There are 2 protein chains.
Amino acid sequence: MKKENVTEKSTMDKILDAAIPLFAMKGYAAVSVKELAEAAGVNIALISYYFGGKENLYAAVLKTQFAVIAEMIDVIRKTDHLNPAEKIRFFGQIVAQSHVKCPYTSHLIYGEFINPTASFDTIVKKELSQLNNFLSGCIREAIELGQFREDLDPEYAALSLSGIVNFYFFTQNLSKEILPPRENQAEYYINQAVETYLHGVLVPNIL
Amino acid sequence: MKKENVTEKSTMDKILDAAIPLFAMKGYAAVSVKELAEAAGVNIALISYYFGGKENLYAAVLKTQFAVIAEMIDVIRKTDHLNPAEKIRFFGQIVAQSHVKCPYTSHLIYGEFINPTASFDTIVKKELSQLNNFLSGCIREAIELGQFREDLDPEYAALSLSGIVNFYFFTQNLSKEILPPRENQAEYYINQAVETYLHGVLVPNIL
DNA sequence: GTCTATATTGCGATAGAC
DNA sequence: GTCTATCGCAATATAGAC
């Protein structure tokens, strides 16, 4: 976007790129600006110079990561031609891809749920309720089409879907260890989880 | 356990009781010993005196909370007389009850997943793999009885179950707001989630 | 067992030289 | 735009009085 040529990264970008994994893995409070500067390979004073302090840097980091989420939502919105079940399968694939492409995004968001900062209300809530709205819309549509069970509450069911899909990544520290090895563990998990969910919401006879 | 009479709480207990919500809601790094001492209503020096520092206090807090988890696992283990689907329904009920009774336990564990401390390997992993083993055991049993679909991997399916059940609590900051109000929201969520899951894993014709 | 006072370290931010 | 040096402050931990 902002790059003018490809030869060198700007100082701002160096700081942002170094800050993403640090904030994601250790949490806002446990990361020092010294640490951030060293990881970025820049002088410690430049963090205040460019971002106006650690707190603003963190907010900037969250914004870059929510740009990723917003893009993901855009992609799954463009699925009007698919039927609801296929939309949900597609959602699972996109989530799996996002975790490969942006491995720190989810960690940062999860961190906001557990230890919210000022950014939780301003950034996190807005984007994620949009996502839940999209999913509950799919489910409502499917119920009206007679495909999903009519005793479902679509909003609650949308949250369940996010839960079953994301939990593997949330518990990655443990799940990668205790689950039996598979060639592509994450993809296998998501596939089984999405199919389980779909069997769970589809009306019995449609199968 | 250790209480000799009911009249007064010991200083250790005052500190522990105050530390649980603070560590749970703000995370280890964001809580100061000054804050802990004030919340407990004790002198700041007593935290080092009784626990040997903030880090050891945190470990002690985690241990008290995992005693809660261990007790929960004990309760759901005593369900040999139930069939697998009933065991899973019972698991959902126990999880819901635990969140009411010990509202900070899950938060502390979630925090360990996102920003692990030294206690993650020593405490968290051990207890939670036990829980997943119990659940995957139920599922394996159900597959052998011909009740659950035989294409399921029980370990992966157990993780899905934990995910669909726990996600509401994990995202409580958001879910309580965006979900349509219900008289007992958490219980409603868990019921729908567990039934969805069970419909998802049961072989189609049994219904 | 509890307190005050203090030692020591590391933090985030900035002034000012280059 | 980048650096060094430093300020002011809050952190954890402890020594020693009571």
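Letters go in sequence order (proteins before strands), and every chain restarts at 1. The structure displayed is predicted, hence computed values, not measured ones.
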* Structure fact -> Checking B:I123, B:L57, B:I109, B:I20 against B:L62 for side chain to side chain contact (heavy atoms under 4.5 Å, CB included), the one that qualifies is B:I123

* Could you state the CZ-C1' distance from B:F51 to D:dA13, rounded to the nearest angstrom? -> 16 Å

* Asked: NA contact type, A:S32, heavy-atom cut-off 4.0 Å: base, sugar-phosphate, or nothing?
  -> sugar-phosphate

* To do: Report the distance from atom CD1 of B:I44 to atom P of D:dA11, rounded to the nearest whole Å.
  => 8 Å

* **5'-most by nearest nucleotide on DNA chain C - A:E35 or A:Y49** => A:E35

* Asked: Do B:Y168 and B:Q185 get their side chains close enough for a donor-acceptor pair, meaning under 3.5 Å?
  -> yes

* Figure out the CD1/P separation between B:I47 and D:dA13, and round it to whole Å. => 9 Å

* Does the pair A:R149 and B:H199 meet the rule for a side chain to side chain contact (heavy atoms under 4.5 Å, CB included), with working shown? -> CA-CA 11 Å; A:R149 317 175 76 87; B:H199 281 116; 3.1 Å; yes

* **Centroid-centroid under 6.0 Å between A:Y189 and A:F169 rings** => no

* To do: Taking heavy atoms of chain B and a 4.0 Å limit, find me the 5'-most and 3'-most nucleotide of DNA chain C within that range.
  => C:dG1 to C:dT4

* Rounded off to whole Å, could you give me the CG-to-C1' distance for the B:L36 and D:dA11 pair? => 12 Å

* **Intermediate values then yes/no, ring-ring contact (aromatic ring centres under 6.0 Å, His included), A:F170 and B:Y110** => CA-CA 9 Å; A:F170 172 61; B:Y110 298 154; 5.6 Å; yes

* Is the distance between the ring centroids of B:Y197 and A:Y197 less than 6.0 Å? -> no

* In whole angstroms, how far is the P atom of D:dA11 from the OH atom of B:Y28? -> 13 Å

* Euclidean distance, atom CG of residue B:N43 to atom P of D:dT14 [Å, nearest integer] -> 15 Å

